[in-house]
Amino acid sequence: MRTLSLFTIIDFLGVIAGALGGALAARRSQIHQYDLVGVLGLGSVAALGGGIIRDILIQRGPPLALLDVRYLYAALGGALVGLFFGSGLGPRTQRLLIVLDAAALSLFAVAGATRALNSGLSMLPALLLGAITAVGGGALRDVLSGRTPKVFEGGELYAIVAAIAAAIFLLCTLIGITAGTATGVSVSTGFLLRLLGLRFGWQTKAIRSSSLL
Amino acid sequence: MRTLSLFTIIDFLGVIAGALGGALAARRSQIHQYDLVGVLGLGSVAALGGGIIRDILIQRGPPLALLDVRYLYAALGGALVGLFFGSGLGPRTQRLLIVLDAAALSLFAVAGATRALNSGLSMLPALLLGAITAVGGGALRDVLSGRTPKVFEGGELYAIVAAIAAAIFLLCTLIGITAGTATGVSVSTGFLLRLLGLRFGWQTKAIRSSSLL
Amino acid sequence: MRTLSLFTIIDFLGVIAGALGGALAARRSQIHQYDLVGVLGLGSVAALGGGIIRDILIQRGPPLALLDVRYLYAALGGALVGLFFGSGLGPRTQRLLIVLDAAALSLFAVAGATRALNSGLSMLPALLLGAITAVGGGALRDVLSGRTPKVFEGGELYAIVAAIAAAIFLLCTLIGITAGTATGVSVSTGFLLRLLGLRFGWQTKAIRSSSLL
């Protein structure tokens, strides 16, 4: 029960942080001049898009983000904070956002994989849907900003961390570990991996036609 | 009965106008050289995309645009007009298109909110789905043209009018006004608001990182 | 039975070829520096995207690509080949890819139309869904690469071949020809048409505002 509550808190904090980050990114765009609709829209998409894509693929009714209105409030709330206080965010708040995002990245991946398994899908699709839940919001925001998803480009470990978190969770499930423990193990591993990657500047390699990997 | 027929007429005229507008925009693109497939495709997407996104999110079966073939005919018909007569459209026809688009903007928003309510969703999701129905087609056309949706950028009041029309409709429903009257009141208010906004050049403000709103 | 097996073989070879082609295109991008995630992601999207869009629109449960894991293996396998051996592909392999893509284009279109009919949709939506199945993967890959779908732009006959294959299949069905024969006739016609178009450089005309078609 206590762990479940903790997951719920991370979940909503992750949505708020995602929306705030998305709204700030929209404000900072050098190319586009987003208005109220753009900042709130791109913020909400960044926060909720991954789960919405997952639920559209799973097809077991409307996305959770539309059924449980608290997700919408969290997303709009985070985006509104970005709209009003965006330029005044200090470095400490921005570090907090990065930590929240790292926690949410893994939790979203594991939650997505869980939901996929519960819908009767098998391991590999569940792994993919976990990763899509975690990175889909940012990717959809990028597409709606007229650019290729940053998650596809060489740089920070991001989608790979999400996939690893989902994979650890699925392995734990496979060997009979209870869902609560499996979630705890996989989310905290992913969280640490993401923070370590940021701390030590781990990068994925860009794959060019000339390179032989 | 008579009002319902009027709504149906606006609905189909809106689809035709949306497809025609989308086809003309594709022809006029300075960046891309769209062919037959591009002009018909982008025209149809502009006209039907919002309703299709809404129905994908609501998940109560295939989109209305695929079930009721009249929508497809209306969209393809409008896009074909844009394909054949596009360059010959006089200023009067273009003004008519703007008026039809203004009427359709509000009607699509209210129809989308209605459909969301009927699917058991609550007020805030219904408001969002109404706005998405109204602006989603244009946004999807923009994404398929490789650009960020214009609806997110500072400029004419557009998504906000759709949201206001949907909000008025939902408020009317909330206080017990019948669906027909609520639709009439909200669609005509949105229609007037859109035309007034165009007439007086009402604009949304671009939100930059430096500005404090 | 034998023809069905042949279709299944073309289907999976088409997925592999699509993923390989998508992965190679991602590697060759002049604009973006895709990493492992980008190359595998864009490859898989190119291969499976069309069927996924079709199944999202039909809404009869999760996409086939998530239910039947062999599609995922085929797509990831093709993309992995592109990841590891991409720069070493000789001209003969590239010609083979073009032939496989031509066969898959028509087969995907006919398979999409079949699935749409089986879901109770009528002829025109089935035709559209057939074409979307065939060209949707490439289009989605283009959108995720931050560009307008190539299928909308003037150039090689591609979507039109898919639409013709689906149309022939639907006509055959309409006049009572069995599904197996109808599939054989329509897929081979589309296949030939695509190869002839490539051989003789058939192009669609770009439609500009100034032109009168």
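Just so it is clear, the values below take in all heavy atoms, side chains as well, and ignore hydrogens, waters and symmetry mates. Each chain gets a letter, A, B and so on, in the order its sequence line appears, and its residues count up from 1. Keep in mind that this is a model prediction, so the values were computed, not measured.
For the options B:A159, B:G155, B:P149, heavy-atom pairs under 4.5 Å to chain A are most numerous at B:P149. The most heavy-atom pairs under 4.5 Å with chain A, out of B:R60, B:E153, B:M123, come from B:E153.
The nearest pair of heavy atoms linking A:Q33 to B:A206 is OE1-CB, 3.4 Å. Of all non-hydrogen atoms in A:L36 and B:I207, the two that sit nearest each other are N-CD1, 3.4 Å.
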inquiry  = Walk me through whether A:L66 and B:L129 qualify under side chain to side chain contact (heavy atoms under 4.5 Å, CB included).
reply    = CA-CA 9 Å; A:L66 296 179; B:L129 283 169; 4.1 Å; yes
query = Which is it for B:L128 and A:L72 under the side chain to side chain contact (heavy atoms under 4.5 Å, CB included) test, yes or no, and what are the steps along the way?
reply = CA-CA 10 Å; B:L128 278 178; A:L72 275 184; 3.4 Å; yes
ask   = How far apart are the C-alpha atoms of A:I31 and B:T148, what are their side-chain angles, what is the distance that settles it, and do they pass the side chain to side chain contact (heavy atoms under 4.5 Å, CB included) test?
value = CA-CA 10 Å; A:I31 311 166; B:T148 200; over 6 Å; no
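Only the side chain of B:L121 comes within less than 4.5 Å of a heavy atom of chain A; its backbone N, CA, C and O stay farther away. Proximity to chain B is limited to the side chain of A:I52, based on heavy atoms less than 4.5 angstrom apart. Proximity to chain B (any heavy atom under 4.5 Å) is shown, for A:R147, by neither the backbone nor the side chain. Only the backbone of A:S29 comes within contact range of chain B, judged by heavy atoms closer than 4.5 Å.
In this structure, CG on A:L144 lies 5.0 Å from CZ on B:F152, to the nearest 0.5 angstrom. The distance from atom OH of A:Y71 to atom CG of B:L124, rounded to the nearest 0.5 Å, is 15.0 Å. The CG atom of A:D35 sits 11.5 Å away from the NZ atom of B:K205 when rounded to the nearest 0.5 Å.
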